[in-house]
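As the structure lists them, so they are numbered: ligands from 1, and atoms in each ligand from 1.
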Amino acid sequence: MDSTLTHQTENPNIKTEDDRTGMSVETLKRAFLDNLFYLQGIDRSQASLHDYYLALSYTVRDRLLHRFLKTVETYKKEQVKIVSYFSAEFLMGRHLGNNLLNLGLYDKMRQVVEDLGLDFDEIIEQEPDPGLGNGGLGRLAACFLDSLASLAMPAIGYGIRYEFGIFHQMIQDGWQVEIPDNWLRFDNPWELPRPDEAVTVKLGGHTEMSHDEYGRPKTVWIPARTILAVPYDTPVPGYQTNTVNPLRLWKAEASEAFNFEAFNAGHYDRAVEEKMDAETISKVLYPNDNTPAGRQLRLAQQYFFVAASLQDLIRIHLRNHANLDQFHEKVAIQLNDTHPAIAVAELMRLLVDNYHYNWDKAWDITQKTLAYTNHTLMPEALERWAVSLFSSLLPRHLEIIYEINYRFLQDVKTWFPQDDQLISNLSLIEEREEKLIRMANLACVGSHAINGVAALHSELLKKDTLKEFAKLWPEKFYNKTNGVTPRRWILLSNRELASLITEKIGDSWLKNLDEMRKIEAFIEDGDFRDRWREIKQQNKSNLAAYILKNCNIQVDPNSLFDVQVKRIHEYKRQHLAVLHIIALYNRIKKDPNIDILPRTFIFGGKAAPGYFIAKLIIKLINAVGEVVNKDPDVRGRLKVVFLPNFNVSLGQRIYPAADLSEQISTAGKEASGTGNMKFAMNGAMTIGTLDGANIEIREEAGPENFFLFGLTAEEVYTMKAKGYYPKEYYDRNEELRGVIDRISSGYFSYGNQDLFKPIIDPLLSHDPYMLLVDYQAYVNSQDEVSQAYRDQDKWTRMSILNAARMGKFSSDRTIREYCQEIWQVNPVTIDIKDYNPANLE
Ligand SMILES: *Cc1c(COP(=O)(O)O)cnc(C)c1O
């Protein structure tokens with residue numbers, strides 16, 4: 001199952017006994033122990049698990065490095081077109097296990113470690129989960145990097161090396177508590193600092209009119225301060241390829257280690273302060289998912305990594321080209337949401353101010369280079385910056401944006417004279433008492449391609465959020481339905497299921513997930529179905545053990561595992577799932593002998609620290625759990641668990657253990673979702689609305705293998721337009737009334753009737769996320785789930801069909817589409833046969 005790359009690493013230039021990067025169990029063992037001693041400087045009798053983790057990681061890294069260097073060298077030499085994925089977030093998850101798999105070393109390394117009497121899984125667990133992202137958007141970037149490398153596509157990821165990633169979540173008294181995530185406290189073996197490739201980034205100050213050497217007017221930016229951007233490269237290996245692409249993350253530092261002037265003048269404190277100020281820029285990830293932060297530091301972060309990355313790309317280009325005339329033929333830059341949208345203005349500034357291109361030529365290069373992915377339909381989530389804040393940080397960019405806007409709106413006026421509404425909606429500036437810069441509009445104007453992340457989302461972008469741009473440039477709009485990597489999300493997290501699949505159909509499904517369809521042929525094989533069910537059962541038992549250890553709650557692995565893990569958001573409607581739990585609870589209270597399917601409700605997810613309602617939803621889940629879990633009438637039939645600190649590592653435990661995947665957002669609000677794909681690939685059934693990629697998942701799985709409920713996006717829209725009165729649903733539906741009243745009565749809050757008012761009151765007054773409309777359809781659909789689950793054989797068949805039919809949702813498919821339709825890049829073979837890392841000749 002674990003095929004290796006041995007044939008590709010045999011290096012004629014290195015004799016076997018010299019081969020410190022050999023792939024045999026013996027060589028690996030020696031390298032592991034050498035690293036422990038010589039790198040960690042520790043003896044086996046003294047070594048901690050963390051020492052073993054580092055020694056193992058360096059052993060793996062050694063085996064990545066020559067591929068990595070050869071990959072970069074090949075791109076340079078062959079001057080191929082390269083994709084640059086610009087993203088403020090990369091939610092990579094742990095590297096060690098994934099890198100072992102992609103290198104084909106997983107099973108061997110397990111053997112090495114176990115031969116030494118150590119626990120492999122325990123060592124893997126030592127790695128801090130690098131949480132440089134909030135949720136789906138950052139995880140998408142990570143899946144894309146895996147697919148790019150696995151498809152041998154030339155690519156670089158560019159982002160920020162946050163010193164503190166997404167906070168660590170603890171639950172105290174049912175409430176979320178945030179703990180700083182100091183993930184770099186110990187050595188990070190997966191990054192290579194490249195201080196010699198540092199660049200400077202300017203901020204603040206003002207602009208002045210001046211003249212160039214020919215007396216032509218030009219603008220100069222006199223910045224207030226200069227920051228050093230230091231790159232750290234994390235090698236990203238593809239699955240069974242030699243391609244190892246860089247993820248280049250920038251760390252902010254003071255441009256002089258000490259401000260010597262201030263230092264010499266006796267202002268030691270001021271010098272140190274400046275150093276600290278500079279380092280603040282890459283200090284911490286803003287923990288907001290789907291809501292803009294609106295803080296100056298956030299804009300500084302965005303500009304910081306975009307400016308550094310563009311300089312880097314230009315420097316690389318100018319090594320082989322006399323000028324930037326063909327820049328767009330060698331570089332395709334993808335903007336992951338509007339976070340890097342300042343790239344439009346920065347690339348224009350570089351071309352016009354620094355490289356003296358005339359405006360039209362610079363604009364042509366800029367548009368041909370950039371492409372923009374939109375991730376949200378919710379207007380409140382679109383980034384807009386106050387002009388005053390913007391100009392204090394980026395005065396020259398403000399001028400450039402005004403110039404772009406002026407020229408753009410001139411064109412619009414000639415195309416659509418007298419359409420004032422159109423013009424004001426297209427404008428890069430929102431005219432308010434406080435003017436705002438619309439980053440989505442900037443991204444649209446400056447890009448040659450604009451895409452949504454699922455079919456419905458892309459349609460709604462054209463019909464609603466970006467309709468004016470779609471009217472101007474219909475040919476710029478694309479859909480690129482998201483995907484996830486089957487390597488991390490099946491092979492690594494569900495080892496046994498992957499083995500079973502490979503046993504039946506071979507391992508080509510890992511590179512071409514459409515091949516998974518072949519397991520449908522085994523659906524009539526009772527032995528196959530038993531094994532399928534047993535693997536799910538084992539995954540559930542493993543999760544149950546984790547829950548007992550971490551939450552001190554005993555759950556029954558034979559109960560239906562009903563799971564909702566994702567960021568906590570009103571639009572994702574975790575509180576709708578809670579209403580269902582309470583409905584079941586009330587049924588039991590009314591008739592303690594009622595025949596009810598045993599269920600374990602598992603929640604997980606972080607709330608933005610400033611998002612009060614989301615935090616209160618966490619408290620509600622825990623409060624309901626506390627009552628339900630210990631009520632003797634329930635007799636253990638219902639359990640409610642909130643697993644703290646949902647992250648990639650926890651996801652790897654949870655998705656494979658789910659029976660039911662909750663994808664219950666208000667239709668039209670979830671752009672795509674990717675958790676929905678991970679669940680289904682691992683054989684969970686989905687209960688969901690017609691939202692985001694759920695629609696396509698249902699199409700692929702077949703409507704008979706999907707529990708559908710709720711309003712369509714269109715119906716949500718018309719209902720809101722007509723005027724929606726949620727109180728009527730409450731008045732008319734007795735069971736719903738019982739549920740809401742149960743909460744309002746203080747039953748889950750020790751008699752406190754006010755605690756959950758901020759959740760309940762809006763439901764009854766305006767209910768913007770339409771919970772009460774969808775409530776009955778949801779509960780009915782859940783009753784069907786219970787029915788279906790009682791027939792375990794039928795359920796297993798549906799589970800197999802779901803997993804078998806998720807080929808479309810491999811991020812390999814998504815990336816192939818981007819490569820062909822938007823980036824125009826092609827695979828590049830990396831030949832390491834005659835590459836001599838040690839230069840021994
Ligand atoms: C996949 C994933 C997400 C996205 O989940 P959705 O259900 O699509 O919102 C968020 N966080 C983590 C850690 C993930 O792995």
- Item | Polar atom proximity, K678 to ligand 1 (N or O, under 3.5 Å) |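 Yes: some nitrogen or oxygen of K678 is under 3.5 Å from one in ligand 1.
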- Short N or O distance, G675 and ligand 1, threshold 3.5 Å exclusive: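 So ligand 1 has an N or O lying under 3.5 Å from an N or O of G675.
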Strictly under 4.0 Å, does any heavy atom of [X] approach an atom of ligand 1?
| X | result |
| --- | --- |
| G651 | no |
| K572 | yes |
| F679 | no |

Check the orientation of [X] and [Y]. Use parallel for under 30°, tilted for 30 to 60°, and perpendicular for over 60°.
| X | Y | answer |
| --- | --- | --- |
| Y158 | W250 | parallel |
| H580 | Y778 | perpendicular |
| W190 | H95 | tilted |

- Item | For atom 7 (O) of ligand 1, closest protein heavy-atom neighbour |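 For atom 7 (O) of ligand 1, the nearest protein heavy atom comes out as K566 NZ, 2.7 Å.
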- Write out the residue and atom name of the closest protein heavy atom to atom 11 (N) of ligand 1, then the distance separating them to 0.1 Å.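 Scanning the protein heavy atoms, the shortest distance from atom 11 (N) of ligand 1 goes to F646 CE2, 3.6 Å.
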Enumerate the atoms of ligand 1 whose separation from the nearest heavy atom of [X] is less than 4.0 angstrom.
| X | value |
| --- | --- |
| G135 | 10 (C), 11 (N) |
| N647 | 13 (C) |
| T674 | 1 (C), 4 (C), 8 (O) |
| G673 | 8 (O) |
| W489 | 15 (O) |
| Y655 | 1 (C), 2 (C), 14 (C), 15 (O) |

Can any side-chain N or O of [X] pair as donor or acceptor with the backbone N or O of [Y] at less than 3.5 Å?
| X | Y | value |
| --- | --- | --- |
| N802 | N705 | yes |
| K540 | P557 | yes |
| R813 | K808 | yes |

- V484 and ligand 1 - part of the residue with a heavy-atom distance under 4.0 Å: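 Neither part.
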- ligand 1 contact on R567 by region, counting heavy-atom pairs under 4.0 Å: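 It is neither part, as no heavy atom is under 4.0 Å.
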- Taking atom types as modelled and ignoring hydrogens, do the side chains of Y372 and N374 form a donor-acceptor contact shorter than 3.5 angstrom?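 There is such a pair (donor and acceptor under 3.5 Å, judged by atom type) between the side chains of Y372 and N374.
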- Message: Taking the ring of F709 and the ring of Y775, is the distance between their centroids below 6.0 Å?
- Response: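 That pair fails the under 6.0 Å test.
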- Message: If we check salt bridge (Lys or Arg N to Asp or Glu O under 4.0 Å) with E670, which of these qualifies: K572, R573, R567?
- Response: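 It is K572, the one option of K572, R573, R567 that forms the salt bridge (Lys or Arg N to Asp or Glu O under 4.0 Å) with E670.
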- Item | Lys/Arg-Asp/Glu bridge criterion (N-O < 4.0 Å) met for R94, E127 |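 Looking at R94 and E127, the cut-off is not met.
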